[in-house]
Structure formats: C-alpha cells, structure tokens
Amino acid sequence: TNSDGNAAVVVQNSMSILGDNLLGLQLANEPDLYGPHFKKWQDYSINDFLNETNYMVNNLPLSQPNIVGPSVCCMWTIGQLLDAGYLNQFASHLKYVDVMHYPHNNCQGDENVQELYPQYLSHTEVQNLVSPYFDAANVAVGAGKQFMMMETNTASCGGFPGISDSFASALWATDYAMQMAYGNFTYGLLHFGGQNVYYNPFTPPPTNMTQVRKWNTGAIFYAQIVAAEALGKTGNARVIDLFIDDNSANRAGYAIYENGVASRLVLINYVQPTTPKSNVNDYVATFAIGGGQTGLPAVNLASVKVKYLRADSVNSKDNITWAGQTFGPQFMSDGRLYGDLDVQTVQCNPADGTCNIHVPGPSVAVVFLTDQAYQNSGGDVATPVTFATTTTTHRVIPTMDQAALLASNGRSGSDPLGATSKGGSSTTSGAVRRAGSVVGLTDSVHQPDVQGPSLLDMPTELLMRIMSLLAPSSIRNLMVSRTLRLICERHLYRCILLPEDPQRSRRLLETFVLRPDLALLVQYLDIDLTWIKEPGQSRPLYALSLAKNVHSLRLWCDWVDVPAMSELREVVFDMKLRQLEIPWLGDEPGPECSCMMPAHGPGISEEIVAVLRAQPLLEWLSLPSADLEVPTFNSLKRKLQKSDIPNVRFLEVEPDLATAFLPVTTCLESLSLTIGGWDEERFAQLEIASEPVKSSVRRLAIRTWPACDGQTWIWNNLAKVFGLFPSVEDLSVTVNSTISMPSPPPANYYFSKIADSAVHLPSLRTLGFSYETNQLEGHDILDVDETSLAELKITSPLLRSVVDPKQRLWTFVPDSQTPNGYRPHLEGLLRTRYIKHWKAVFNH
C-alpha cells in the first residue's frame, strides 16, 4: 500500500534516474506473510492482495510494463495467484512474474545442520526445489512475461554455518542456477545480509569498507561466476538437463544451446572423496555432438576448453579456485581473482567425435565446445579489469574554535554526558576532558557552494530513526509538515503508553474509530479500560479490535475472568500477542478496578489458562501482582500444561504463582520474581517447581520490600534463592524502601548480602542493583563502597560490570596488588531512556 504517500515519488525518481538500467519495480514482498507477520490484518487474503495491487497500479506513474510480482513465498502458491487472475488482471503492467523461496527455514535456529547437509549435495533435491514452478513459468512465458526467482539462498534468515559458507553451497548454487534456467527462469537473485549471516556472496570488513583485501568472498559467489560464464553474453541461451547417469543424485549435467547450436556443457560432481586427494570418486563424462540416435548431423570436435571450479572438500571455505584463480581466503579479498588462469584443453577422438571430460569430486566443469563459445562466455579475460568510481565528493574540512573547545564540557555541564567531574562544569579550571565528549562544530566548516539535500529528502528509515531520538512534544511540532506527518504518525502510534489514564485511553479508542489506519500502526499498547463499567459497550471494543497488529499488550482493568468482560476477552483472544502483562490477578477485583463490577467468574484458573491458550506465540508474560486463594493456585497447577505456553521466554510473577508456571515453561530464559513475604515452606515449593528450568534461566530479576513481613528470611537466605538458578549470567536486584521504615539500612548493607551470596551464581557476568527510598537527604544512602564491589568480584570471577543505585557503571581492571588480580573501576554515569519496565525488558 501507499502507506507513507511516497510510492509515486519513488517510482518516478527510479525511472528517471536509472533509465534503461531499471530492471523492474517490485510491488510487494512476501504478501502471503502480511497477515501472519502483523503487516496487515490477520485474515489478509489473495483477494485483498489483488484489490490492493489494483489500487497501486492505477495510482502509480507507470508508462510501460515495469512491475515485478506477486513475490509470494510461503503461505500462497504462485499457482493460486495465477488461478485467481493475477496475470490476466495486471498483464499490461507486469514485466516479470516472480516468486521467492528458500529450501529451508533457519529463522528459529533449531535445524540440525548435519542432517540437512546431504540435501545440498544432491541433484535430485535441486530438481525438487525448482520443479514446482515449471507450470507457472510456462504460463508466464506463454503470456510474454519473464519468470524470476526474486529472493533465494541456502536457507532463510542467514543460512546455515558449515553449509552456506562452504564449497557445498557453490556446487549447490551452480546446479540450482542451471536448473532454474532449464525451468524457464530468467533471473535468480541471491539474498545477502550483514556481518552475522553465512550465505553472503561477499561481506565487507566489519569496520571500514575501504580497507583493501579485508573483504570476504563467500563460496556461493563462485557459483554466480560459473553460471554467468556458462550462460554466456548472447542473452539467448537455452538450457537442458541431461539427466546423466540415469538422473543420478550425485552428479548433474547441463547442455547450453545458443541459436540452436550446442555451445557449452556444465558437469557437476557432488561426491566427496573418502580419502583426501583421492580420485576414486571422480568420473569421466563422454559426449559427442549430434550423430547416433539424435537425428542430427555429427560434429567432429578437434578439442574443447574446460574450466574447473575446485576445492579440496565440500567443507572447504578457503582455497576455492575457478580455473586456477581465487578470490583469496576469508576476509582477505578485494573482489579480484588472483593467480594464473588455468583453462585446460582436452583433445577429442577424431574417429568418432567423442570427448572425454574428467570431472573430479567435488567440482564443477564448464566445457566450451567452440572458441566462439569461450569468447562469448565473458570468461576469457585473464587480468581483472577495475574501474574508478563515477562520483567524487567535495573535501569537507571541519574546524573548531580552540577557545570553544577548551571551554566545552559535554553539554555545557547541564547533562552528565561527557562530564568527568561531579555535577559537570562549563569552565575548564584545569579539568581533564575525556575523549569522546560531545562538542559542536563551528560555522567555519568548509562546504561547497551547493545547496545540500533537505530533511524531507532523507529515506524514511533515517527519518524514523531521527523520530526515535526526539521527545514526543518535538515530534508533534513536526506534524505541521504534510510530508512528515505520516512518518510522525508511524512513530507516535507504534508504541502507546497510557497506564492509569482513562480519559486519554478513551480518546485514543475514539481516534481508532475515526482513523482505522492509525490503529493498524500500533504494536505496543498499554491503556486504561477501567472506565468501561457496563457490559455491551461495543464501540470501544470495536475500536480496540481495529488494532490488529498489536503484539504487546497491557490492559488496566479486571478483564481476565469477570463475566461482564467476556466481549473484551474475545477481542484479546483474536490478537496475536508476543507480549502480555496482566497488572492485577486475583480472586477479588483489583485495587485499580474497584469501579467495575465486582462479580468474578466461578473459575479464574480456567480463564487464565484460556487466555494463554489463545496466544500460542506468546514469548513475554508478566503477572506482577497476584492475590489468589490456595484453591485457585492448586487448580491452576493442575490445569496449566506445557502446550499452553510453548514459547514463553520471559516470566514475571510472584514466587507463589511461579510454582504453577515454572514446571511448564520449557523455553524460559528470563525470570523476574516480585517477592513480598517469604518463608521456608514457600521456598521449598519453589525449589521443587524450579527444577525443570534450573539450567535454562540466564537472567534473573528480584524485587523486594524490606518493610514487608518475611523479608528478613529473604536476606538471610539469599544464597539459597540464588542456588535455585545457578546458570544466571545477568542479575538485577531492586530493594524498595519507600514504605515507611524508621531507619532504612543503606544500600551497601543489601549489596554486601548480594556479594556474599553470589558464590552460588558461578556464571554471573552483569549485576544491576537498584535501591528505592524516600530518605535521600543528608547522607549517601545509595552509595556502594569499592570494598563490597571487590568482594563481589572475588565470589563471581566472571563478573564484568555492575550498575549501582546511583546508576553508575563499574567495571573491573587488572591489578596485581589485589587478592583476585582485579580492582573496581568507575566508568561513569549511565544515561538511559526509560520506557516502562515491561517494554524495556522485552526489547533487551
């Protein structure tokens, strides 16, 4: 859709700037995933897609057939789109009919690579990968359109280590390219990503892209060169699968014809030698042109030229050569082939015109049947050709007033960022400035006398990033611009946080009714619905149902089991949530919901389970405050099953409620315990319940109230609590002393307790300690002394950093004079943008 109003501008500029270099304009990207991935409404259908496509093509400045579509991948088939009339309806606008497909999905990261490896060494698997598109390709070509594989590679979400970055991928991709050509594909585009993916054809250095010979050329890039030379430069190559050796899975062979004349062969041997350097798995391909049973005149070849794509093993990542040349080892490439070009000449049998081509295992052999075929391949250049950049930039020299530099201290001392002294200062007074402080450039920057681009010319992604750094009030000021308004709305409505604010929550839902397009922008929703006091209020519930893309939800009202709120529950059930917080859960109405009907249903445990079962995608569950009777706890323990919360990775609960959830949260990684009063009996119950997640919990958060009954037990037995989760790497402890206490202990008292108990967390790497109190005047109650920090490092040798109650970051530096060889080092004050605990933890 034209959601940002810029589609027509993009099309117009693309055509005018790129001209004949513009292959096409992709009008959609995996539209069959728009619903499941929350880009559109959940039941987004093929008819919806056709209607939106019709709207777009009628509102874009298309002067010729330039559209590429429908770009389906996963839930719909190209056949279904063609049957629905896609090609007939949009033929006048289409240049390419395209699809997107990966042989495997690695987005979850749980595939067994060893089991999948043989599938990338099989010609049969490649045939099975392409053959489902044969019929659609023939239909498209018959209608005068080209057929394209718009996006593919070894596996989605970055590929597989050991497959996607090895020589096996080069063999597979060569076979895949030839098979697509055999199946009437015009193009096949390999997807690539950033530094953290395995299937990249090439990857720049992790820092400076201008670094010479520090790029990485992936194994799969060699396949692109082989395919390009095999198909040649004429643009009229036709490819047939030779089905060699009775269509063997271990070998593949293709013939390429140009103008009806055989010009090249591609021979692939997938077989890995059982003994290094052995030739036992090599094979010899014998062929002749015409004659015999072909019905064509025989062509006696005197000789042929052969290029080989070679490596020692299918597992090789280095020492891959194409005709004796290589791009070099990993992260040592500059994009040029190095080494002597090795094109072998094979003499043929003059008696019968047969030629014997040796195909080592593993390798690809490209056979050039004539000198013209070799010249037309584009691979006859022995020395790489390089080109200068087409655009050079003006030299910009930033300068700075030295007096201003000496007088600067971050943001004039108004913000601790950049300041090295307590409180900061706008005067120098001999203070040492830390490198990296924020300074401003003066007007003496030398710039070319050319008007630069305006803010409105920037890409939408950059504008969204800028919006994320601005305060909401500043963003609202920008909405006077028609161009920026849509981008501002996308940012403002992405995350709605209106906790305990019924009036603004009511106005928000009224806005949804008037502007359903804004409701679709919302992903994080935190609103107060306590003003819904009677059943049957359909308008606010209808408004809430319009927010179809919400995946993180917190509702401030008692909605889980109150019978009068059944309609609201149905709306929530229809959402596809990944994050859910229920602020209050109890057998009686919550304190913030006293305005509502007090009648609860007969079985709150049943309703809790029903809510969870309706959200199979849920990853983040927060139940911070629960007041359930013992029968309810017992009922919940009986009813809750692993299948009810199969994907929950983060859980925030009180310890009593944790005893019901921990035994069934098989994927749990983060646990947050809100601890009021506690005793030995409750600890024993949690000890039993936590056993299934004992080794999986990596992040633990504990929140306590020292003034509450039972807190003495906690701090005297903290080591036992830590011992329940010995694999914890990130620990957060919050002590809340805001409840009236005659003389609250200083923060260091509790920190010492943590340090003494941390011996039971041998993997601890980071600690965040917060101390909330109203009594800050006149003393440093928030201070944590360096002795306690040093003791903590002794008990936790892997510890890297600590954030103390004053939000100061401490690390540890080597010091041979200390018992453990380290001493605490104050890095400085952290400045973080706080956006509600429930959202911040999920993003982390």
Side-chain angles (χ1 to χ4, degrees), residues 26 29-30 33 36-37 39 71-74 98-121 125-126 129 148-177 180 187-228 309 311 313-320 322 326-335 459 461-462 465 619 649 843-844:
Q26 186 186 15
N29 187 73
E30 301 177 346
L33 295 181
H37 286 182
K39 303 298 183 183
S71 301
V72 294
C73 70
C74 312
D98 78 319
V99 292
M100 310 172 81
H101 185 69
Y102 293 83
H104 292 284
N105 181 351
N106 195 35
C107 294
Q108 303 302 320
D110 55 358
E111 294 280 6
N112 188 320
V113 177
Q114 290 299 323
E115 291 181 359
L116 293 176
Y117 207 146
Q119 297 182 29
Y120 292 88
L121 298 172
E125 292 294 334
V126 171
L129 186 60
M148 177 191 294
M149 178 63 72
M150 173 59 78
E151 179 180 324
T152 190
N153 211 305
T154 47
S156 58
C157 296
F160 296 121
I163 295 179
S164 305
D165 53 355
S166 71
F167 187 59
S169 69
L171 300 173
W172 171 85
T174 302
D175 196 358
Y176 189 17
M180 283 193 288
Y187 289 102
L189 304 184
L190 291 176
H191 187 267
F192 68 98
Q195 299 285 339
N196 60 339
V197 300
Y198 299 99
Y199 58 32
N200 279 354
F202 51 85
T203 306
T207 52
N208 186 351
M209 287 193 292
T210 64
Q211 293 283 341
V212 178
R213 295 190 65 81
K214 290 190 177 181
W215 288 60
N216 181 55
T217 300
I220 203 168
F221 185 69
Y222 289 85
Q224 295 179 272
I225 298 178
V226 173
L309 178 66
S313 164
V314 294
N315 304 316
S316 296
K317 298 180 181 180
D318 295 316
N319 298 322
I320 300 172
W322 169 236
T326 181
F327 287 104
Q330 295 189 88
F331 299 106
M332 294 182 65
S333 174
D334 64 1
E461 292 78 6
L462 287 181
R465 176 58 179 160
E619 299 178 358
R649 297 184 291 112
N843 286 340
H844 169 71

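Remember, it's a predicted structure, so these values are computed and weren't measured experimentally.
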Steps toward side-chain contact (heavy atoms from CB on, under 4.5 Å) verdict (T152, Y176): CA-CA 10 Å; T152 190; Y176 189 17; 3.1 Å; yes
Distance-only donor-acceptor check, side chains Y198 and T154, under 3.5 Å: no
Close aromatic pair by centroid cut-off 6.0 Å: F160 and Y117: no
Sub-4.5 Å side-chain heavy-atom contact between F221 and F192: no
Under 3.5 Å donor-acceptor, D98 side chain and M149 backbone: no
W172 CH2 to S164 OG distance, which is reported to the nearest 0.5 Å: 8.0 Å
Counterpart residues, ring-ring contact (aromatic ring centres under 6.0 Å, His included), relative to Y222 (two or more places apart): F327
From CG (L171) to CG (L309), nearest 0.5 Å: 6.5 Å
Exceeds 12 heavy-atom contacts within 6.0 angstrom, atom CG of D318: yes
S333 side chain to T217 backbone, donor-acceptor under 3.5 Å: no
Interatomic spacing from CD in E151 to NE2 in H101 - rounded to 0.5 Å: 12.0 Å
Contact summary for T203 and G194, nearest pair of heavy atoms: CG2-O, 4.2 Å
4.5 Å side-chain heavy-atom contact, Y120 and S169: no
Side-chain donor/acceptor of N153 to backbone N/O of A155, under 3.5 Å: no
Pairwise side-chain contact, N319 with T326, heavy-atom cut-off 4.5 Å (strictly under): no
Inter-residue atom distance N200.CG - H191.NE2, 0.5 Å rounding: 9.0 Å
Heavy-atom side-chain contact between P201 and Q224 under 4.5 Å: yes
Rounded distance (nearest 0.5 Å) linking atom CD of E125 with atom CG of D175: 11.0 Å
Working for side-chain contact (heavy atoms from CB on, under 4.5 Å), residues E30 and M150: CA-CA 10 Å; E30 301 177 346; M150 173 59 78; over 6 Å; no
NZ on K39 to CG on L33, rounded to 0.5 Å: 10.5 Å
Exercise: do N29 and S71 side chains pair donor with acceptor under 3.5 Å: no
Contact check, side chains of Y102 and C73, non-hydrogen atoms, under 4.5 Å: no
Modelled atom types, side-chain donor and acceptor of N315 and S166, under 3.5 Å: no
Heavy-atom pair of closest approach, residues A223 and A170: CB-O, 3.4 Å
